[in-house]
Amino acid sequence: MQIYFFIYTIGCQMNVNESDILSEALSNYGLLKSKTVDKANLIIINTCSVREHAEHKAFSLFGRLTQQYKQSKIVVIGCMAEYLEQIIKQRFKDIDLIISQRYNNMQSVASKIIKILYINSNIPLLTTTIQKQNNNKIVNYITIIKGCSNYCAYCIVPFVKGNEQSLEYNDILKECTLMVTNGTREIVLLGQNVNAYNNNSINFSTLIKNIAKIKDLLRIRFMTNHPKDFTDELIQTIASTAKVCTNIHLPMQSASNKILHNMNRQYDYEYYVNLINKLRNSISNINITTDIIVGFPNETEKDFYETLDAIKYIKFGKIYVFKYSPRRFTYASKFIDNVSYYDKQKRHIKILEEAKKISSKIITDMVGSNQEILIESYINNTLEGKTKHGYKVLLSNKYNINLGKIINVKITGIKGTSLISNKIV
Ligand code: 5AD
Ligand code: SF4
């Protein structure tokens, strides 16, 4: 019987990447990826635990899928499987398999899934490492560092993903080279804290410089960064390595020194602003984005306004705002969650409004400028690409351009948060 699978992915880009690798591993076993869940006889849910909201989303998905698809095998992987296995098992008896394993090795996840599909048969299991090939993917992702050892007071990641572990430098370089041979032109380096990368004294700057030497690779991006690990060497590397893109995600979380201290972020606001200034002075066309948490325990109106003022001053290209949600195991879960939901919501909206004003001005100011874009896809008669600093550009299809090429265009308009161009320069 032909087996079709469908994967739901909740959470960050690292989860999306893991689902991609799993998808490839299952295809190597002869399973087919289904476009719709209705057709699938194997449904996988890749979960996230960073905020309570993500867990609620998964729980309601478990409920709906176990009711609606009784004939299908249902498998749960990811962060929730890691630490909520017993609870999920008790509440959802129809889930067939929960795979809890740190560092989600997709090779072994795939073989565990295959075992439950062919319980009584003796199909041979693959023993070689599955390389992520993703032929024809112009933009491709690779995780270079797993877990995190920073233990920010609010964050569950170190508890579910374990301590920071940099992957082998040689393996990363080999995989990147293979991706480029298969058509990739932009590689995105992933990790909770990519700029802390260190493997046998090879640091993040050296890794970037050596990946940049791969012939035919045009661009390198990376995320996410911790401000405390952003060295001057790294700033210089970005400034002097033409292939490195200039959108830098640098979570600030708060601008109040009291809150930053209680969050165990290991920097203060003055350090953060100084870093922003250094980045802006050294790297041209830089787009700095950030994460903010509102309503961390004991965040007063004064603390909040310090953050809002900082946002007006720094002018981030994009801000991801989150309402604080207490997470099991974390240091902050011992504090009283004493900012009301109403205040969290008010603060959340205020930041979003300010962020929108700033980002629309940045985008509007770009109209008329020339930008270098890498053409990534062709959807609905429109070519899509990204600027070096991370903005999406929709290009009129009157041009016949191959995917994976870098071209210079004039920005002629905007559509939502994207830029539009109908002119190559
Ligand atoms: N509550 C709210 N936001 C959180 N984040 C991480 N943990 C929590 C939490 N408990 C946010 C941080 C982080 C982003 C990925 O998620 O801003 O940078
Ligand atoms: Fe969580 Fe802090 Fe690590 Fe980011 S740096 S994953 S917020 S512990």
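One-based numbering, in listed order, for ligands and for the atoms of each.
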Margin query: Just to be sure I read this right, does ligand 2 sit under 4.0 Å from the backbone of Cys148, its side chain, both, or neither, counting only heavy atoms?
Written below: side chain
Notebook entry, point to check: Is the count of non-hydrogen atoms from other residues, nucleotides or ligands lying under 6.0 Å from Lys243 atom NZ greater than 12?
Noted result: yes
Check: Arg265: heavy atom below 4.0 Å from ligand 2, yes or no?
Finding: yes
Next item on the list: May I ask you to identify, for Phe322, whether its side chain, its backbone, both or neither come under 4.0 Å of ligand 1 on a heavy-atom basis?
Entry: side chain
Check: Hey, looking at atom 9 (C) of ligand 1, which of Ser325, Ser333, Gly295, Cys155 has the closest heavy atom?
Finding: Ser325
Margin query: Using a 4.0 Å cut-off to any heavy atom of Tyr151, which atoms of ligand 2 qualify?
Written below: 8 (S)
Note to self: Is Glu52 close enough to touch ligand 1? Criterion: a residue heavy atom under 4.0 Å from a ligand atom.
What the structure shows: no
Next item on the list: Identify, for atom 14 (C) of ligand 1, the protein heavy atom at the shortest distance, and state residue, atom and that distance.
Entry: Asp291 OD2, 3.5 Å
Next item on the list: Please report which non-hydrogen protein atom sits nearest to atom 2 (C) of ligand 1, along with the residue it belongs to and the distance in Å to one decimal place.
Entry: Lys323 O, 3.3 Å
Next item on the list: Could you tell me which atoms of ligand 2, counted from 1 in the order shown, lie closer than 4.0 angstrom to a heavy atom of Tyr154?
Entry: 7 (S)
Check: Under 4.5 Å between any side-chain heavy atoms of Glu372 and Ile407, yes or no?
Finding: no
Margin query: I need the atoms of ligand 2 closer than 4.0 Å to a non-hydrogen atom of His226, numbered in the order shown.
Written below: 5 (S)
Next item on the list: Classify the contact between Ile293 and ligand 1 as side chain, backbone, both or neither, using a heavy-atom distance cut-off of under 4.0 Å.
Entry: side chain
Check: How close does the nearest protein non-hydrogen atom get to atom 1 (Fe) of ligand 2, and which residue and atom is it?
Finding: Cys155 SG, 2.3 Å
Notebook entry, point to check: So, do Phe329 and Tyr83 have ring centers that fall under 6.0 Å from each other?
Noted result: yes
Next item on the list: Check the pair Ile406, Lys388 against side chain to side chain contact (heavy atoms under 4.5 Å, CB included), reporting the backbone distance first and the verdict last.
Entry: CA-CA 10 Å; Ile406 287 188; Lys388 201 173 169 190; over 6 Å; no
Checklist line | N/O/S atom of Cys152 inside 2.8 Å of atom 2 (Fe) of ligand 2, strictly under | finding: yes
Note to self: Would you say that more than 12 heavy atoms from the other residues, nucleotides or ligands in this model lie under 6.0 Å from the NZ of Lys361, or not?
What the structure shows: no
Check: Tyr154 ring centre to Arg327 NZ or CZ under 6.0 Å, with the angle to the axis within 45°?
Finding: no
Notebook entry, point to check: Taking both backbone and side-chain atoms of Arg327, is any N or O found less than 3.5 Å from an N or O belonging to ligand 1?
Noted result: no
Margin query: Counting non-hydrogen protein atoms only, what is the nearest one to atom 7 (N) of ligand 1? Give residue, atom name and distance.
Written below: Tyr154 CD1, 3.3 Å
Next item on the list: Show the numbers, then the answer: is there a ring-ring contact (aromatic ring centres under 6.0 Å, His included) between Phe159 and Tyr151?
Entry: CA-CA 9 Å; Phe159 302 95; Tyr151 294 88; 5.4 Å; yes
Note to self: Is the terminal nitrogen or CZ of Lys302 (NZ for Lys, CZ for Arg) located under 6.0 angstrom from the six-membered ring centre of Phe304 and within 45° of that ring's axis?
What the structure shows: no
Note to self: Checking a contact table here: which protein heavy atom is nearest atom 17 (O) of ligand 1, and how many Å away?
What the structure shows: Gln253 OE1, 2.7 Å
Margin query: Can you tell me which portion of Pro158 lies within the under-4.0 Å heavy-atom range of ligand 2? Options are side chain, backbone, both, or neither.
Written below: side chain
Margin query: Around atom NZ of Lys33, are there more than 12 heavy atoms from other residues, nucleotides or ligands closer than 6.0 Å?
Written below: no
Note to self: Give the atom numbers and elements of ligand 1 that come within less than 4.0 Å of a heavy atom of Arg51.
What the structure shows: 1 (N), 2 (C), 3 (N), 4 (C), 5 (N), 11 (C), 14 (C), 16 (O)
Notebook entry, point to check: Counting heavy atoms not belonging to Lys228, are there more than 12 under 6.0 Å from its NZ?
Noted result: yes
Item checked: atom 5 (S) of ligand 2: nearest protein contact (heavy atom, Å) -> Asn150 ND2, 3.4 Å
Next item on the list: Check whether the side chains of Glu82 and Ser100 place a donor and an acceptor atom closer than 3.5 Å, and report yes or no.
Entry: no
